[in-house]
Asker: 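My structure is below; once you've seen it, I'll send some questions.
Treat the numbers as computed from the prediction; the structure is a model and nothing was measured.
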2 protein chains.
Amino acid sequence: MTATTHFNTKERILGAAEELFAQFGFAGTSLRQVTSRADVNIAAVNYHFGSKENLVNEVFRRRLDELSENRLKALKAALTESPGSLEAILAAFIEPALALTLDRHGGSAFVRVLARAYAEKNDRLRKFLSDNYGHVLRDFAKAIAACLPGLGKEELYWRLDFTAGALTYAMADFGLIKRPAGVSEQQHCERAARELIRFAAAGLRAV
Amino acid sequence: MTATTHFNTKERILGAAEELFAQFGFAGTSLRQVTSRADVNIAAVNYHFGSKENLVNEVFRRRLDELSENRLKALKAALTESPGSLEAILAAFIEPALALTLDRHGGSAFVRVLARAYAEKNDRLRKFLSDNYGHVLRDFAKAIAACLPGLGKEELYWRLDFTAGALTYAMADFGLIKRPAGVSEQQHCERAARELIRFAAAGLRAV
DNA sequence: GTCTATATGGAGATAGAC
DNA sequence: GTCTATCTCCATATAGAC
């Protein structure tokens, strides 16, 4: 990232789109809202991205390339430093997303965009995400399975799904309504991550 | 419900809207799509519902009035028949939604619409749901809290939130991708409910 | 690369005949 | 209650000057 990245037309469009997608959804956001918030001309979106669908994909790509890499690095570290620890694996998944939320460059909206994507049944978007980032989820699933040798394949499958739901929606709400007065954003998120890890680990281990 | 209910213009609009909202979201569905699928005239929506926003609200009201009543009845039964059982409380919440999914009158789409609502940050919709159905969630929260006397207030709060995320998203996917061949819809849903209850109960009880 | 201007279509909503 | 016809506005996308 160069020092001027956030002043590029392209980056400004991506940032504005991310915030609006988080708030209004993909269909609920018009390119006019995006270009107006980014303070660029309406024609700039089609010049730089070709179509609205491609803009959506690029909003994901900008963050997910890095997030996926960070998650896989953290997973690798967890598997060598804390072998057999379910909590360490869950932390490797959650903490990079947390870092994004606390990032000064507007990453907090992106976590909510991810939650939106989870609710979307749009096949094209799902295929884009699955093709490009599905391997990350598969690596985590394998690592978690290895921690729970007694668990049947079907049960594991269900529980991973529940865990994904809890993680996605909890993370999406990290920066939102629930922070009590006198608690900093950072403290609040760290608390949420800790609680989430305990909850999911217990659920995955349920007898 | 009369025998002709499903052939009324109003009911046909509500049914079509429910299915389309589940698939494309609220903003992603046009009233033209709705009236086309319901096979009624485009002007009928405004005649019967006044506006798109009000149509959305009525789609919720049609199912939530009955679902809420069933959930509260089941909660009352659980508290008297199985006092102190966390699993019974969770079942009282989940099983009426499950019955909707298995219902022959198209209730399965509605569970996905509920999941959409959870992702929406639309304040007007949230206020409508909170004003009309918030008391149901509060009653369940109280009953769950009573089962977990050792748990701090904040921790309880977090865990209820995670539980809601897992429930909502798991239920939304009940009828979708994951059913293996040779397993009936009903068996699949019952299995999901059982697993979900175990997962959530363990997470809520986590040490 | 960025602008103005515009093409083309679809959105929600309503008026008024039947 | 239901229809046709239409209003008004806004959507995505593009053409072509600068």
Asker: Check the angle between the aromatic planes of B:Phe60 and B:Phe110 and answer parallel, tilted or perpendicular using the 30° and 60° thresholds.
Answerer: perpendicular
Asker: Just grab all the ring pair (Phe, Tyr, Trp, His ring centres under 6.0 Å) pairs involving residues 120-142 of chain B, residues at least two apart or on different chains.
Answerer: B:Phe93-B:Phe140
Asker: Whole-Å distance between D:dT2 P and B:Lys10 NZ?
Answerer: 11 Å
Asker: Would you indicate whether B:Glu190, at its atom CD, is surrounded by more than 12 heavy atoms from other residues, nucleotides or ligands within a distance under 6.0 Å?
Answerer: yes
Asker: Within the 4.5 Å heavy-atom criterion, are A:Leu102 and A:Cys189 side-chain neighbours or not?
Answerer: yes
Asker: Under 4.0 Å from OP1 or OP2 of D:dG1: is there any side-chain N or O of B:Thr9 that close?
Answerer: no
Asker: Show your working on side-chain contact (heavy atoms from CB on, under 4.5 Å) between B:Leu64 and B:Leu114 and close with a plain yes or no.
Answerer: CA-CA 10 Å; B:Leu64 279 184; B:Leu114 268 186; 4.2 Å; yes
Asker: With side chains defined as the heavy atoms from C-beta onward, is the minimum distance between A:Ser108 and A:Asp103 less than 4.5 Å?
Answerer: no
Asker: Should A:Arg37 and A:Glu19 count as an ion pair when the cut-off is N to O under 4.0 Å?
Answerer: yes
Asker: I would like to know whether B:Lys142 and B:Asp139 meet side-chain contact (heavy atoms from CB on, under 4.5 Å); could you show each step before the answer?
Answerer: CA-CA 5 Å; B:Lys142 264 181 241 164; B:Asp139 284 359; 4.2 Å; yes
Asker: Enumerate the residues from residues 29-43 of chain B whose closest heavy atom to DNA chain D is under 4.0 Å, giving them by residue number; use none for an empty result.
Answerer: B:Asn41, B:Ala43
Asker: So which of residues 45-61 of chain B are in contact with DNA chain C, with a heavy-atom cut-off of under 4.0 Å?
Answerer: B:Asn46, B:Ser51, B:Lys52
